[in-house]
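Counting starts at 1 for both ligands and their atoms, in listed order. This is a predicted model, so every value here is computed, not measured. When reading the values below, keep in mind they use all heavy atoms of this one structure, side chains included, and skip hydrogens, waters and symmetry mates.
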Amino acid sequence: MKTKIINTPDLLKAASRKKEATNFCVAHSVHLDDLKKLVNGKKYYIRTYGCQANVRDEETMRAMLEDVGYTYSDDLENVDLIIINTCAVRENAEDKVYGEIGNLKRLRRKNKNLILSICGCMVEQPEILKRVMNTFPEVNLLFGTHEIAQLLDLVYECLTTGERIVSIESKQGEVVEFKNDCRNNHYKAYVNIIYGCNKFCTYCIVPYTRGKERSRKFQDVLDECKSLVEAGYQEITLLGQNVNAYGKDLDEGYDFADLMEAVAKLGIPRLRFTTSHPWDFSSKMIEIIAKYDNIMKFIHLPVQSGNDEILRKMGRRYTREQYLNLVKEMREKIPGLSLSTDIIVGFPNETEEQFQDTCSLVDIVKYEAAFTFIYSPRRGTPAAKMEDNVDKDTKVRRFKELVSHLEKHIEEHSNSMVGKTYPVLVDGVSKTDENMLSGYTEENKLVHFKGDISLVGSIVNVKISESHTYSMIGEIVNG
Ligand code: 5AD
Ligand code: SF4
């Protein structure tokens, strides 16, 4: 099979941040009408790994594919297009994808017309792209996050030429608005407000794969949120690698606090946002969160480490003291606040003392939830070049120790919920017990309870009867 290379990634280009105006455009396909004729009843399947940005990208791709007549099917033996939408944040996310392609490649041997595609952050790393191209000749469409808007033209090219197409450009990126929408959930929605990241934390690959920080226009975000409210959505989560930077690159005069307030005023029952970098979390944001009942009192505030030297080496732009002061201000001004965090254990050369600083910070903040990771070197990032004398066993031991600190506080918080009643947005049938429903409290606690399936998508009051650290059992009260 011939390979047509339109673009390949380049980490130097990916790392550059030139001061040039962002291009705002609307997605369009050159071959739309021809593709509609070609698709004619074809089926597609998408599997997504990674963060909420990837989940939203999946929805965007689904909308585009369904617009030209593809229908979704998870019967992999009989689909015509398979897209694996990947994540690059840690090595284990990549390993899962290798396993998955290993399983899927036989389908391509069986059906020569199948398009087997890998897209997203993983293939935006030059070494990984090379490995995928060499190891898996069956994969015949490769594109990055910046090419999502061109998906239909890439599919058209694959179908009409029979060639393997590679289109992955490292660039600062545009803001593309999409005409069609498709959502995986009919009462909870993700809304992108800012793409990319300029923070360049030294361990992180995301600024290289997703381009520069670029905000969507205020009115475009509001229009999308308004249509979700009108369609009966119960919850909106405003999305960005760093939502706090919203608006700084626009000359519209709005910041993230203004945007949050405007969306809250639309009357959505639950408004959430993620992720917030502590460096630019403003007092104005704290005031707005406190002021509106429909802004959930739940903030995901990644700390990564509790030690100043490690924070400096990570390029996080705040000290332990500044972080703790921010938490203090939040807890004082936002009654009932729940905090969650991300923590990386085993950053290069992390000493036992530095690790203990992270544990002591956890004991001070008493997070209500947390995601913990063992450091995973990402080729091309500054941290990957740092000397690391910490062995794997030590990292695993520290990871377990940190989790036990976190769990102590999470458990205490969960126990304190027993006997109290919370509004819960009903998600669906519980994944652990088919006789129960499950949903989330405003503080993002998972609750299982008995109830009728017709309640899915509505907010009910649930009295908590049992605590299981990460989830709760309860019963519906007041109907
Ligand atoms: N190794 C381990 N964890 C990482 N994260 C980002 N990059 C790495 C890495 N190289 C974690 C951070 C971030 C979360 C999304 O993933 O904690 O907040
Ligand atoms: Fe990665 Fe840091 Fe940007 Fe988050 S803020 S995406 S951790 S570089």
Item to check | Numbered atoms and elements of ligand 1 in range of R378, under 4.0 angstrom, heavy atoms | outcome: 10 (N)

Checklist outcome for this item: Result for side-chain hydrogen bond (donor to acceptor under 3.5 Å, both in side chains) between H300 and one of D342, T275, T274, N444 points to D342

Checklist entry - Can you list the atoms of ligand 1 that are under 4.0 Å from a heavy atom of I344? => result 3 (N), 4 (C), 5 (N), 12 (C), 17 (O)

Item to check | C204 neighbourhood, listing ligand 2 atoms whose heavy-atom distance to it stays under 4.0 Å | outcome: 1 (Fe), 6 (S), 7 (S), 8 (S)

Item to check | Donor on one side chain, acceptor on other, N192 and R216, under 3.5 Å | outcome: no

Checklist entry - What atoms in ligand 2 come closer than 4.0 Å to a heavy atom of C197? => result 3 (Fe), 5 (S), 6 (S), 8 (S)

Next on the checklist: Checking a contact table here: which protein heavy atom is nearest atom 17 (O) of ligand 1, and how many Å away?
Outcome noted: Q304 OE1, 2.7 Å

Checklist outcome for this item: Checking heavy atoms under 4.0 Å, the part of Y203 that sits near ligand 1 is both

Next on the checklist: As an exercise, identify every atom of ligand 2 less than 4.0 angstrom from a heavy atom of V206.
Outcome noted: 6 (S)

Checklist entry - Any cation-pi pair here, R210 with Y195, using under 6.0 Å and within 45°? => result no

Item to check | R47/E58 ion pair, N-O < 4.0 Å | outcome: no

Checklist entry - Counting each atom of ligand 2 from 1 as listed, which ones have a heavy atom of F200 under 4.0 Å away? => result 8 (S)

Checklist outcome for this item: protein heavy-atom neighbour closest to atom 8 (S) of ligand 2 works out as C201 N, 3.3 Å

Next on the checklist: Counting neighbours of OH on Y440 that are heavy atoms of other residues, nucleotides or ligands and sit closer than 6.0 Å, is the number greater than 12?
Outcome noted: no

Item to check | Residue and atom name of the nearest protein heavy atom (relative to atom 7 (S) of ligand 2), distance in Å to one decimal | outcome: Y203 OH, 3.4 Å

Checklist entry - Side chain, backbone, both or neither: which part of P207 has a heavy atom under 4.0 Å from ligand 2? => result side chain

Item to check | Closest contact, heavy atoms only, F143 versus L154 | outcome: CB-CD1, 3.8 Å

Checklist entry - Using the ring of each side chain (for Trp, its six-membered ring), is Y323 parallel, tilted or perpendicular to Y318, with breaks at 30° and 60°? => result tilted

Checklist entry - Using heavy atoms and a threshold below 4.0 Å, how should the contact between T275 and ligand 1 be classified: side chain, backbone, both, or neither? => result neither

Next on the checklist: Please confirm whether I205 approaches ligand 1 to less than 4.0 Å, judged on its heavy atoms.
Outcome noted: no

Checklist entry - In terms of residue, atom name and distance, what is the protein heavy atom nearest to atom 6 (C) of ligand 1? => result V89 CG1, 3.4 Å

Next on the checklist: Check K96 with E100, please: is the shortest side-chain N to carboxylate O separation under 4.0 Å?
Outcome noted: no

Next on the checklist: Once you measure the plane-to-plane angle for Y98 and F136, does it fall in the parallel (<30°), tilted (30-60°) or perpendicular (>60°) bin?
Outcome noted: parallel

Next on the checklist: Any protein heavy atom at under 4.0 Å, with atom 2 (Fe) of ligand 2 as the reference point?
Outcome noted: yes

Checklist entry - Going by the angle between their ring planes, with limits at 30° and 60°, are H277 and W279 parallel, tilted or perpendicular? => result perpendicular

Checklist outcome for this item: heavy-atom search around atom 11 (C) of ligand 1 in the protein gives R90 NH1, 3.2 Å

Checklist entry - Has E20 got more than 12 heavy atoms of other residues, nucleotides or ligands less than 6.0 Å from its CD? => result yes

Next on the checklist: Determine whether K212 and T22 satisfy the following criterion, side-chain hydrogen bond (donor to acceptor under 3.5 Å, both in side chains), listing intermediate values before the conclusion.
Outcome noted: CA-CA 9 Å; K212 70 169 177 182; T22 300; 3.0 Å; yes

Next on the checklist: Students should be able to answer this: which protein heavy-atom is nearest to atom 14 (C) of ligand 1, and at what distance?
Outcome noted: D342 OD2, 3.4 Å

Next on the checklist: Contact between ligand 2 and R210 is defined here as a heavy atom of the residue under 4.0 Å from a ligand atom; is it met?
Outcome noted: no

Item to check | Subset of ligand 1 atoms that lie under 4.0 Å from at least one heavy atom of I374 | outcome: 2 (C)

Next on the checklist: How far is atom 1 (N) of ligand 1 from the closest protein heavy atom, and which atom is that?
Outcome noted: S376 N, 2.9 Å

Item to check | Atom pair CZ (R272) and NZ (K188), whose distance is rounded to the nearest 0.5 Å | outcome: 7.5 Å

Next on the checklist: Give the atom numbers and elements of ligand 2 that come within less than 4.0 Å of a heavy atom of H277.
Outcome noted: 5 (S)

